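Below you'll find the structure, written out as structure tokens, and then a few comments.
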Amino acid sequence: MSKKSYRNAIKEAIEFEMRRDPTVVVIGEDVRGGHGAKNTEENKLEGFGGVLGVTKGLWTEFGSERVIDTPITESAIIGMTAGAAATGLRPIADLMFMDFFGVCYDMLYNQAAKFRYMFGGKAKAPMVVRGMIGAGFSAAAQHSQSPYHIFTSTPGLKVVVPSSPYDAKGLLTQSIRDDDPVVFCEHKLLYDITGEVPDEDYTIPFGVANYTRQGTDVTIIALSLMVHRANEVADKLATEGISVEVVDPRTISPLDEEGILESVASTGRVVIVDESAARCGFAHDVAALIAQKGFYALKAPIELVTPPHTPVPFSNVLEQAWLPSAERIEIAVRKVLEV
Amino acid sequence: MKLTENQLLDAYKHMRDIREFEERLHVENTTGDISGFIHLYSGEEAVAVGVCENLTNKDYITSTHRGHGHCIAKGCDIHAMMAEIFGKDEGLCRGKGGSMHIADLNKGMLGANGIVGGGPPLAIGAALTAKTLKTGGIGLSFTGDGGSNHGLTFEAMNMAVVLQLPVVFIFENNGFGEGTGCDYAVGSKDIAGRAAGFGMPAEKVDGTDFFAVYEAAKKAIERAREGKGPSVIEAITNRFYSHFEGDPGLVRSKEEIEYIREHKDPLKIFRQKVKGQVSEEKLDQIDKESQSLIDDAVKKARAAKNPEVSQLYTDVYVSY
Ligand SMILES: Cc1ncc(C[n+]2csc(CCOP(=O)(O)OP(=O)(O)O)c2C)c(N)n1
């Protein structure tokens, strides 16, 4: 084991799978990065590997046949990925900012996600769509969204939202080996965090939540960046003798219903923190699950902490107020404890 | 066609304002006081200005992530633009949009755009309004060579021809989409030629030469105004900086950029072309004015107020 960044953990998963399985290819805009630097197969000048450097180094090892720079044409990228997945490759498409799903969603929603079911089990689409989510970068309304709830509402898609380098590597390896289309959501504010990551390959099964803090008084359910905020609150409240459990489902489709309900059964108090949406988001889905199947364990109404129901603002002060903060999470925890 | 001295000075002023604005942002960006992505337009001034000198406030343009030049050329308030980029309440979009989303519909500026290919469909929408309401205006989109490959752009071009809309599609070919060269990413090397395949006139011009752009745009815009339908202009140009401020900028060597700055600078080229027609002193005077305008804009933007947090909840279609 050694400490690795979330960015490198992701790259390692891709790298290992490409070495292991010749059908794995990477497709996307600038994944090689720097064709303009006149890098050729001969001189192997390294490009930057995507806007935030996640795929840096892949092209020099695997070449242009397997690390494929594309024009800026998302529908064609995702459509080509789906077609290739159905016919023998295991492609990983890089959508760059997940916000761009808007221009190519049909290829995921009406094509890839439906192949297996619609064709009576005769087809599969073993593909991964990677993309960045998340606010906090002042990247404004079209580059800061976390639309994983929209993918989750589409039958046929698996949705992965890792919060740590360890989870990122294990879940991405699983995603690449999985026979279903997987949408893999990387929070841009997490790329530089580090954590222990095994040097060898490993998988983490889908649908198994991770308890990042164990506790007995309140359960916080959170994903991605919000797990870190929840942990912060749990650590702070621990100094006051308040015992907070933090549950990170890690994958939202499939969702670890049992893991969530178990924690709720033991604490009876729930706060759900979610960056995706103030309406019809991940938080509402989980709240409905608990209301349906964990109602009698509840000692207080469920609290949701989400952004307001608005696009993401640019201005730093507004954006910070938009994102669920540790303060807001703490207030919510204290509120459920009062009842 | 000969431009009057005032027209020439006006065009130069716009180009110089864009240059000062961008060069200054390049510096200010290193102070850490500007957040988010900044994509600079320096080097491409002759395209935005060559086109927009032919437009009025009745005409709508759509822009790209590299939108400051288009905004200035279309007459957006420079103080309010700067304040927007600093995220301030006085900003053109009250700090909610930032660099990539500056818009001013009163000036016919339908927004910079964070989505590649987002502009052309919106521009044909503006053209449809103009045609339906007989406003006399047109729609016009600025798109990069990268965006010229986008499905949305193709659909918009075809629709424009089918509906004979008063619209002009400008492709700013600066050779790159992020770090990928258009020599690699554009299948048919000739963007104008490919666009012509949709069934409309398409012309390729030297985008470093204000006059070449101005004349081609004038023709296309007049055609649109006369109800003769859409057209396309591909302007060959260069960006002086990397894709966005702070990117590793590996795509070109220092020497290439030095060469471009020396030989392909639209402002230098303009000055040479107007020799004998406009005095050097007048142009120098504009340089000075631009500099103090941008100085002032930065100073005021820095001092301006941040938006109140309560503004988080304003200007949404649906509120709860
Ligand atoms: C739909 C979509 N895909 C990808 C991006 C990321 N992106 C932003 S700018 C850009 C390059 C655009 O290149 P081009 O159109 O040539 O414009 P230039 O930057 O050269 O002015 C890309 C890929 C985006 N913003 N939107």
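Labels below follow one simple rule: chain letters A, B, ... track the order of the sequence lines, proteins then strands, and each chain is numbered from 1. Just so we're clear, the structure is a prediction, and the values are computed from it rather than from any experiment.
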- Query: Got a sec: does the NZ of Lys264(B) have more than 12 other heavy atoms crowding it under 6.0 Å?
  - Reply: no
Under 4.5 Å to a heavy atom of chain A? For Asn149(B) that would be both
Across all chains, not counting sequence neighbours, the salt bridge (Lys or Arg N to Asp or Glu O under 4.0 Å) partners of Glu15(A) are Lys11(A), Arg19(A)
Interatomic distance, OG@Ser99(B) vs CZ@Phe314(A), rounded to 0.5 Å, equals 7.0 Å
Interatomic distance, NE2@His150(B) vs OG@Ser75(A), rounded to 0.5 Å, equals 6.5 Å
message = Classify the ring geometry of Phe37(B) against Phe97(A): parallel below 30°, tilted from 30° to 60°, perpendicular beyond 60°.
response = perpendicular
Residue set satisfying salt bridge (Lys or Arg N to Asp or Glu O under 4.0 Å) with Glu186(A), at least two apart, ordered chain then number -> Arg130(A)
Honestly, the part of Thr310(A) sitting under 4.5 Å from a heavy atom of chain B is both
Is it true that, when you exclude Glu61(A) itself, more than 12 heavy atoms of the residues, nucleotides or ligands shown sit nearer than 6.0 Å to its CD? yes
OH (Tyr184(B)) and OG (Ser64(A)) are apart, to the nearest 0.5 Å, by 6.5 Å
Okay, Leu152(B) and chain A: the region with an atom under 4.5 Å from a heavy atom over there is side chain
Find out whether Glu29(A) and Val116(B) are in side-chain contact, i.e. whether some heavy atom of one side chain is under 4.5 Å from a heavy atom of the other. no
Residues at least two apart in sequence or cross-chain that pass side-chain hydrogen bond (donor to acceptor under 3.5 Å, both in side chains) with Asp315(B), listed by chain then number, are none
Whatever's closer than 4.5 Å to a heavy atom in chain A on Ile38(B) counts as neither
In terms of heavy-atom contacts, Ala140(A) and Gly97(B) come closest through CB-O, 3.4 Å
For Lys254(B), look at atom NZ and say whether over 12 heavy atoms of other residues, nucleotides or ligands are found less than 6.0 Å away.
no
Item to complete: Mind running side chain to side chain contact (heavy atoms under 4.5 Å, CB included) on Gln142(A) and Met100(B) for me, showing each step along the way?
Response: CA-CA 9 Å; Gln142(A) 296 173 338; Met100(B) 266 192 293; 6.0 Å; no
Of the listed Thr73(A), Asp99(A), Leu318(A), Asn316(A), the one with the largest count of heavy-atom pairs under 4.5 Å with chain B is Leu318(A)
message = Does Phe101(A), at its CZ atom, have more than 12 non-hydrogen atoms belonging to other residues, nucleotides or ligands within less than 6.0 Å?
response = yes
Turns out that what part of Glu319(A) lies under 4.5 Å from chain B's heavy atoms comes down to neither
Chain B shares the most heavy-atom pairs under 4.5 Å, among Ser144(A), Pro307(A), Pro308(A), with Pro308(A)
Residues of residues 323-330 of chain A with a heavy atom under 4.5 Å from any heavy atom of chain B, in residue-number order, are none
With a 4.5 Å heavy-atom cut-off, do Glu178(B) and Met96(A) have their side chains touching? yes
Next on the checklist: Counting only heavy atoms not in Met18(A) (residues, nucleotides, ligands), do more than 12 fall under 6.0 Å from its CE?
Outcome noted: yes
Honestly, the part of His101(B) sitting under 4.5 Å from a heavy atom of chain A is side chain
Expected output: side-chain Asp30(A) to main-chain Thr180(B) donor-acceptor under 3.5 Å:
yes
So, the part of Asn113(B) with a heavy atom under 4.5 Å from chain A: the answer is both
Taking every heavy atom of Ala185(B) against every heavy atom of Pro71(A), the minimum-distance pair comes out as O-CG, 3.4 Å
Check your understanding: Side chains of Val316(B) and His309(A): closer than 4.5 Å at any heavy-atom pair?
Key -> no
